[in-house]
Asks: 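One structure coming up, written as structure tokens, with questions to follow.
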Amino acid sequence: MKKLVVATRNKGKVNEILRYLEGAAFGQSFSAVLSLDDVGLDLDLDAIENGTTFEENATKKAVAVQDILGDDYIVLADDSGLSIDALNGEPGVNSANFMGRDTLYPVRFEAILSQLTGDNRSARFVCVMAVADEEGVTLFRGEMEGEIAYQPAGYDGFGYDPIFYLPDYGKTSAELTMEQKNAISHRGKALKAVIEGWLNEPN
Ligand code: IMP
């Protein structure tokens, strides 16, 4: 049976993905879920993530890892980010590097909030997942709609969660539990699509 490798080094993402997959009773499809660190692959994913769309970046990462690991592995790579309508979709595919990769998130929040002076605060998190095996790549997309908050709130999650406000909950995504966030998140939706549309298909 093949092993599934999640091609990311982002600990927040690995935790969310593992937590989601654990609850999804999919054990018949592969024997293990591993991270890049588990398989000892020291690959510079940032250098690969240079495309202009989430689809392009996810595909590039999945294919690069699958090429190295070979046919015993299925590789799941994601590319995600925050798209803010009033900023023409920025930071978008540049979410991780926005204002510099090492810039602290509170500094980024301040810059974003100071640019959003009008009423249009609509935004969405987008996640594209690419699943690569020896037969090729299949893409899945998930989105979570929300608004940019007027000020940061909450300590859970990661990245831009403290400024991503969900009107239905009256909270930011940094104030949700991991289970709550997984149930509605862009990543949760993309993973659900992966599980329903691909992993459960009869081989
Ligand atoms: P990449 O997918 O590794 O290119 O990076 C995505 C970046 O988008 C992360 O480093 C975060 O800055 C942001 N991001 C993606 N998903 C989330 C999320 O669920 N919460 C907060 N920020 C996110």
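Every heavy atom of this structure was used, including side-chain atoms; hydrogens, water molecules and symmetry mates were not. One-based numbering, in listed order, for ligands and for the atoms of each.
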Asks: In Å and rounded to the nearest 0.5 Å, what is the CD to CG distance from E147 to L166?
Replies: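 Spacing of CD (E147) from CG (L166) equals 9.0 Å.
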Asks: With heavy atoms of Y105 as the reference, note each atom of ligand 1 found under 4.0 Å away.
Replies: 10 (O), 11 (C), 12 (O)
Asks: Do Y150 and L113 have side-chain heavy atoms sitting under 4.5 Å apart?
Replies: no
Asks: Give the atoms of ligand 1, by number and element, whose distance to some non-hydrogen atom of A96 is under 4.0 Å.
Replies: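 Atoms satisfying the 4.0 Å criterion: 5 (O), 7 (C), 10 (O).
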Asks: When rounded to the nearest 0.5 angstrom, what is the spacing between CG in N57 and OG1 in T52?
Replies: 8.0 Å
Asks: Hey, which atoms in ligand 1 end up nearer than 4.0 Å to a heavy atom of K181?
Replies: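 Under 4.0 Å from K181, ligand 1 has these atoms: 18 (C), 19 (O), 20 (N).
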Asks: Could you check whether any heavy atom of D79 sits closer than 4.0 Å to an atom of ligand 1, since that is the contact criterion I want to use?
Replies: yes
Asks: Is there a donor-acceptor pair closer than 3.5 Å between any side-chain N or O of Y105 and the backbone N or O of P162?
Replies: no
Asks: Is any side-chain N of the basic residue among D156 and K181 closer than 4.0 Å to the acidic one's carboxylate O?
Replies: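 No.
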Asks: In ligand 1, which numbered atoms sit nearer than 4.0 Å to a non-hydrogen atom of G159?
Replies: 21 (C), 22 (N)
Asks: Measuring from the heavy atoms of R187, does anything fall under 4.0 Å of ligand 1?
Replies: yes
Asks: By the definition side chain to side chain contact (heavy atoms under 4.5 Å, CB included), identify the one residue from I148, I84, D85 that meets it with S122.
Replies: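 Of the listed residues I148, I84, D85, the side chain to side chain contact (heavy atoms under 4.5 Å, CB included) partner of S122 is D85.
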Asks: Going by the order shown, which atoms of ligand 1 are within less than 4.0 Å of some heavy atom of H186?
Replies: 16 (N), 17 (C), 18 (C), 19 (O)
Asks: Counting heavy atoms only, which part of F125 comes closer than 4.0 Å to ligand 1: side chain, backbone, both or neither?
Replies: side chain
Asks: State plainly whether the residues E49 and K61 are in salt-bridge range, i.e. N to O under 4.0 Å.
Replies: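 A salt bridge is present here (some side-chain N lies under 4.0 Å from a carboxylate O).
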Asks: Which residue from S80, S185, A77 reaches closest to atom 6 (C) of ligand 1 through any of its heavy atoms?
Replies: S80
Asks: Looking at N88, I want to see if its CG is surrounded by more than 12 non-hydrogen atoms of other residues, nucleotides or ligands under 6.0 Å.
Replies: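 Atom CG in N88 is not crowded, with 12 or fewer foreign heavy atoms closer than 6.0 Å.
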Asks: Quick one: does K61 get an N or O within less than 3.5 Å of an N or O on ligand 1?
Replies: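 Such a contact does not occur with ligand 1.
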Asks: For D78 and ligand 1, does the shortest N/O to N/O distance drop below 3.5 Å?
Replies: no
Asks: Hey, is F54 touching ligand 1 through its side chain, its backbone, both or neither, going by heavy atoms under 4.0 Å?
Replies: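 It is neither; nothing of F54 touches ligand 1.
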